[in-house]
There are 2 protein chains.
Amino acid sequence: MEAFHRIWKKWRNLLVYGFILGMLIISLRLLRWKYMIADQSLEIFIGIVALFFMGLGVWIAMQLVKTKSKDSANTESVPDQELLSIDEIALKKLQLTKREKEVLGLIVKGYSNLEIAEALHLSVSTIKTHVSNLYSKLDVKRRGQAIDKARKLRIVK
Amino acid sequence: MEAFHRIWKKWRNLLVYGFILGMLIISLRLLRWKYMIADQSLEIFIGIVALFFMGLGVWIAMQLVKTKSKDSANTESVPDQELLSIDEIALKKLQLTKREKEVLGLIVKGYSNLEIAEALHLSVSTIKTHVSNLYSKLDVKRRGQAIDKARKLRIVK
DNA sequence: CCGGATTTGGTACTTTAGTATGAACCACAT
DNA sequence: ATGTGGTTCATACTAAAGTACCAAATCCGG
């Protein structure tokens with residue numbers, strides 16, 4: 001039963017495409033007898049058909065190529081309902097101030113200093129000061145190291 | 001002249017496809033006037049046109065995503081005994097090259113470009129190139145964003 | 001009220017990161 | 001044979017990050 005299910009899953013889309021194709025052909029035939037009287041519009045009709053089916057071909061190919069996963073591929077935000085509890089002890093040991101924690105939180109989200117400044121309604125100079133002090137306390141020298149360390153210490157979400 | 005050459009290289013394929021398309025349309029029109037006398041064969045003709053252009057669409061789409069088949073060939077079966085399993089599907093969609101994946105792995109560890117260069121026995125220039133291409137594929141502009149996105153997509157450990 | 005810590009912001013400077021462009025090479029497929 | 005993608009590296013430039021040092025305002029406990 002499982003084998004059947006797998007096979008079905010594999011070829012289901014193809015069958016659906018075939019069905020859609022058949023429906024389209026039938027409807028096109030009907031359309032033709034309904035509206036195709038003038039000879040000069042026949043060219044246009046054929047052109048439309050050609051373009052439409054080319055687009056359909058592109059779409060089908062895309063469907064076939066893309067590994068069908070609507071789950072997490074292009075979704076921008078992955079829900080982090082994970083039980084990633086913050087290590088409060090490690091956080092306290094660092095003696096970070098309120099602002100420094102805020103800044104760190106934005107740094108790990110990939111914010112630039114300018115973006116942090118705008119988010120907190122501060123100047124870039126101030127952010128740089130906080131960032132610099134933050135690095136001293138975290139014992140790192142660069143942004144990337146700070147992010148890595150913050151995650152490893154589990155002091156950020 | 002150099003600028004023209006660059007642009008030409010970039011858009012050549014698109015122009016070629018457009019040209020072929022135009023040629024096909026013209027030839028189809030000629031064919032129609034040559035052989036399309038009987039009314040009942042018009043249906044068949046339209047069907048052929050539709051199928052042909054659908055195939056053309058498939059072909060074009062395949063050309064556009066051609067490189068995927070090479071990469072995805074050997075990464076089909078991946079054992080995920082990892083605790084923190086990485087999203088192979090999302091990873092495949094990004095079409096990152098081998099080097100780009102390596103560089104990304106070191107970036108999320110907080111390595112500087114110089115450190116990455118030393119770790120991989122390459123020059124900083126090369127690392128910068130890889131990093132730049134990586135950012136394009138990840139659709140980000142900075143290191144921190146790349147780290148954040150890589151973690152959210154779960155394409156790194 | 002005083003004093004230390006925090007917060008804010010500035011100037012000046014160095015370092016790192018990032019972009020744009022070009023070139024050369026190789027592997028591989030058409 | 002030719003073309004394409006990937007890799008490597010270079011130069012030249014701009015942007016962002018980071019350091020060092022300073023100084024003022026604010027907050028808060030003793």
Side-chain angles (χ1 to χ4, degrees), chain A residues 94-104 106-147 149, chain B residues 1-17 59 62-74 94-104 106-149:
Chain A
L94 291 172
Q95 305 238 103
L96 300 185
T97 68
K98 205 185 316 169
R99 279 307 203 195
E100 283 162 0
K101 284 183 219 164
E102 285 181 303
V103 170
L104 179 58
L106 296 180
I107 282 179
V108 299
K109 285 183 182 172
Y111 281 46
S112 69
N113 288 342
L114 176 60
E115 288 169 344
I116 296 173
E118 287 168 349
L120 301 182
H121 307 292
L122 297 174
S123 79
V124 179
S125 299
T126 307
I127 303 303
K128 283 188 178 183
T129 305
H130 291 321
V131 169
S132 231
N133 295 332
L134 191 53
Y135 291 172
S136 300
K137 293 184 180 177
L138 285 176
D139 191 32
V140 297
K141 294 207 172 302
R142 283 184 303 277
R143 225 177 182 75
Q145 290 179 331
I147 297 174
K149 191 143 192 175
Chain B
M1 206 55 180
E2 293 169 14
F4 174 75
H5 186 254
R6 271 192 285 102
I7 295 170
W8 168 244
K9 265 188 103 173
K10 261 186 177 171
W11 298 100
R12 181 178 41 188
N13 288 338
L14 215 57
L15 289 173
V16 168
Y17 295 152
W59 180 76
M62 289 300 186
Q63 292 301 111
L64 290 176
V65 294
K66 186 175 52 178
T67 54
K68 184 181 174 68
S69 55
K70 273 193 295 186
D71 288 341
S72 61
N74 49 4
L94 290 172
Q95 310 223 132
L96 300 185
T97 67
K98 206 183 318 166
R99 280 306 202 195
E100 284 161 0
K101 286 182 214 166
E102 286 180 304
V103 171
L104 180 58
L106 296 179
I107 282 179
V108 299
K109 286 183 183 173
Y111 281 45
S112 69
N113 287 341
L114 177 60
E115 288 169 343
I116 296 173
E118 286 167 352
L120 301 182
H121 308 291
L122 297 174
S123 79
V124 180
S125 298
T126 307
I127 303 303
K128 284 187 177 183
T129 304
H130 290 322
V131 170
S132 230
N133 294 332
L134 191 52
Y135 291 171
S136 299
K137 292 183 180 177
L138 285 177
D139 192 31
V140 297
K141 293 206 173 303
R142 282 184 303 280
R143 224 176 183 75
Q145 291 179 331
I147 297 175
D148 188 49
K149 192 144 195 177

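Lettering follows sequence order; numbering is per chain, from 1. For the numbers below, each heavy atom of this structure counts, side chains included, while hydrogens, waters and symmetry mates do not.
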Student: Show each protein N/O and nucleotides 24-27 of chain C N/O combination with a separation under 3.5 Å, one pair to a line.
Tutor:
none

Student: Could you check whether any side-chain N or O of A:Lys149 sits under 3.5 Å from a backbone N or O of A:Val140, counting only pairs where one atom can act as donor and the other as acceptor?
Tutor: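 Answer holds: no.
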Student: In whole angstrom, what separates A:Arg142's CZ from C:dT16's P?
Tutor: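 After rounding, the gap between these two atoms is 8 Å.
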Student: Would B:Arg142 and A:Glu115 pass as an ion pair if we require N to O under 4.0 Å?
Tutor: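 Yes, this pair counts.
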Student: Do A:Leu106 and A:Leu120 come close enough that some side-chain heavy atom pair is under 4.5 Å?
Tutor: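 A side-chain contact exists here, since the closest heavy-atom pair is under 4.5 Å.
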Student: If we ignore hydrogens and angles and just use 3.5 Å, is the side chain of B:Lys128 paired with the main-chain N or O of B:Asn113 as donor and acceptor?
Tutor: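 Answer holds: no.
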Student: Let me know the distance between CD1 of A:Ile127 and P of D:dT19, rounded to the nearest Å.
Tutor: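 Value for this atom pair: 15 Å.
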Student: Could you state the atom-to-atom distance from CG of B:Leu114 to P of C:dT16 in whole Å?
Tutor: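 So the CG-P distance, B:Leu114 to C:dT16, works out to 7 Å.
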Student: Between protein and nucleotides 4-13 of chain C, map the contacts as a letter string: B base, S sugar-phosphate only, - none, heavy atoms under 4.0 Å, written 5' to 3'.
Tutor: --SSBBBB--
Student: Taking OH from A:Tyr111 and P from D:dA16, how many angstroms apart are they, rounded to a whole number?
Tutor: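 After rounding, the reported distance stands at 17 Å.
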Student: Whether the side chain of B:Asp148 engages the backbone of B:Gly144 through a donor-acceptor N/O pair (distance < 3.5 Å, no angle test) should be reported.
Tutor: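 No; judged by distance alone, with no hydrogens or angles, the pair does not exist.
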Student: How close do B:Val103 and B:Leu134 get, heavy atom to heavy atom, and via which atoms?
Tutor: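 Distance-wise, the nearest heavy atoms are CG1-CD2, 4.3 Å.
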Student: Please report, rounded to the nearest Å, how far the C1' atom of C:dT16 is from the CD atom of A:Gln145.
Tutor: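 After rounding, the gap between these two atoms is 12 Å.
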Student: Nearest heavy-atom pair of A:Gln145 and A:Lys141: which atoms, and what distance?
Tutor: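 Minimum heavy-atom separation between A:Gln145 and A:Lys141: OE1-N, 2.9 Å.
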Student: Just do the side-chain contact (heavy atoms from CB on, under 4.5 Å) check on A:Arg143 and B:Arg143 with the steps written out, would you?
Tutor: CA-CA 9 Å; A:Arg143 225 177 182 75; B:Arg143 224 176 183 75; over 6 Å; no
Student: A:Tyr135 has a side chain; which of C:dT19, D:dT19, C:dG18 sits nearest to it?
Tutor: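 Nucleotide nearest to A:Tyr135's side chain: D:dT19.
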Student: Does C:dG18 have OP1 or OP2 under 4.0 Å away from a side-chain N or O of B:Arg143?
Tutor: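 The answer is yes; a side-chain N or O of B:Arg143 sits under 4.0 Å from OP1 or OP2.
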Student: So, for B:Lys137 and B:Gln95, which heavy atoms are closest and what is the spacing to 0.1 Å?
Tutor: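 Scanning both residues completely, I find the closest heavy atoms to be NZ-O, 3.0 Å.
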Student: Nearest-Å distance, CG (A:Leu138) to P (D:dG18)?
Tutor: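 Spelled out: CG on A:Leu138 to P on D:dG18 is 12 Å.
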